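Some notes on the structure that comes next.
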Amino acid sequence: MNDTMKKLLSLFLFFLVCSAQLSRAQNTWQISGTVTDAETGEVLIGVSVALDGLAQGTVTDIDGKFSLTVSKGRSLTFSYLGYRKQTVSVQDNTVLDIRLKPDVQMLDEVVAIGYGTMKKSDLTGAIGSVSGEKLRAAPVARVDQALQGRMAGVTVNSNSGQPGAD
């Protein structure tokens with residue numbers, strides 16, 4: 001093979017690779033949008049935006065906005081604690097305005113514990129709760145004093161009156 005043939009062959013391969021990249025780029029879009037609460041219209045911060053079938057996604061920023069590169073025909077799933085999941089198919093639209101509906105039943109199934117959160121079904125110990133109204137109505141100076149005698153199994157000990165003491 002002479003030098004001219006080698007140059008033509010390498011030029012042909014270069015154009016072949018470039019055309020493959022161009023055709024691939026035509027099947028993807030930069031999708032962006034805003035996620036809000038369907039009832040109040042407030043933006044939702046930290047909503048999970050996941051591309052179905054792939055480990056690719058993002059979360060909404062402080063303004064409820066997101067941006068993601070997606071192939072045509074794929075679906076995006078929007079999920080947020082306390083709201084119903086919503087799946088949207090990506091067609092020719094590049095700007096999405098998503099309104100998530102609250103899921104009140106889901107909120108009752110989450111328990112906040114001292115070191116995290118758990119579903120009620122995964123909880124193995126006993127739990128108790130005291131409403132904020134009852135705590136505010138108690139004429140005490142500290143929260144531990146307000147909890148004393150209001151829940152079974154809670155013991156409050158005062159060791160001293162020194163600042164920083166238990």
Side-chain angles (χ1 to χ4, degrees), residues 21-156 163-166:
Q21 288 297 327
L22 285 174
S23 66
R24 181 175 174 253
Q26 291 175 356
N27 292 331
T28 60
W29 285 276
Q30 187 69 22
I31 304 296
S32 61
T34 306
V35 182
T36 57
D37 182 301
E39 293 179 358
T40 64
E42 294 180 15
V43 296
L44 297 176
I45 302 167
V47 174
S48 174
V49 182
L51 192 56
D52 282 351
L54 297 175
Q56 181 182 356
T58 187
V59 294
T60 57
D61 63 11
I62 196 164
D63 297 319
K65 297 184 183 298
F66 69 94
S67 180
L68 194 63
T69 302
V70 181
S71 300
K72 183 177 181 179
R74 302 294 275 182
S75 295
L76 292 175
T77 300
F78 298 85
S79 59
Y80 194 59
L81 183 64
Y83 289 83
R84 294 184 187 142
K85 279 187 181 180
Q86 186 174 344
T87 302
V88 176
S89 179
V90 176
Q91 297 302 327
D92 292 331
N93 45 353
T94 57
V95 178
L96 298 174
D97 289 321
I98 306 300
R99 298 180 186 277
L100 292 181
K101 296 178 183 174
D103 188 2
V104 180
Q105 293 175 342
M106 190 173 147
L107 288 177
D108 288 339
E109 297 178 11
V110 176
V111 177
I113 53 180
Y115 45 87
T117 58
M118 298 180 80
K119 286 184 176 181
K120 274 189 180 179
S121 60
D122 296 337
L123 195 63
T124 58
I127 59 170
S129 64
V130 177
S131 70
E133 294 172 6
K134 287 185 179 181
L135 292 177
R136 281 190 288 276
V140 294
R142 297 189 332 240
V143 175
D144 61 338
Q145 293 171 341
L147 288 175
Q148 189 170 7
R150 299 202 185 263
M151 284 193 313
V154 174
T155 304
V156 178
D166 292 340

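Keep in mind it's a predicted model, so treat the numbers as computed, not measured.
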[atom2] on [Y] to [atom1] on [X], rounded to 0.5 Å:
X: F78; Y: L44; atom1: CZ; atom2: CG; answer: 11.5 Å
X: L76; Y: L51; atom1: CG; atom2: CG; answer: 6.0 Å
X: I98; Y: T77; atom1: CD1; atom2: OG1; answer: 10.5 Å
X: L68; Y: I31; atom1: CG; atom2: CD1; answer: 8.0 Å
X: Q86; Y: K101; atom1: CD; atom2: NZ; answer: 8.0 Å

Tell me every residue that passes side-chain hydrogen bond (donor to acceptor under 3.5 Å, both in side chains) with D61, counting only those two or more places apart in sequence or in another chain. none

Return yes when atom CD of Q30 has more than 12 non-hydrogen atoms of other residues, nucleotides or ligands closer than 6.0 Å, and no otherwise. yes

Determine whether [X] and [Y] make a side-chain contact, defined as any pair of heavy atoms from C-beta on separated by less than 4.5 Å.
X: S75; Y: V90; value: no
X: T58; Y: S67; value: no
X: V47; Y: F66; value: no

Could you check whether any side-chain N or O of R99 sits under 3.5 Å from a backbone N or O of G41, counting only pairs where one atom can act as donor and the other as acceptor? no

Backbone of I45 reached by a side-chain donor or acceptor of Y80 within 3.5 Å: yes

Smallest heavy-atom separation, T69 atom then Q56 atom, equals O-NE2, 3.4 Å

Among all residues two or more places apart in sequence or in another chain, which pass the side-chain contact (heavy atoms from CB on, under 4.5 Å) test with T34? T36, V43, K65, D97

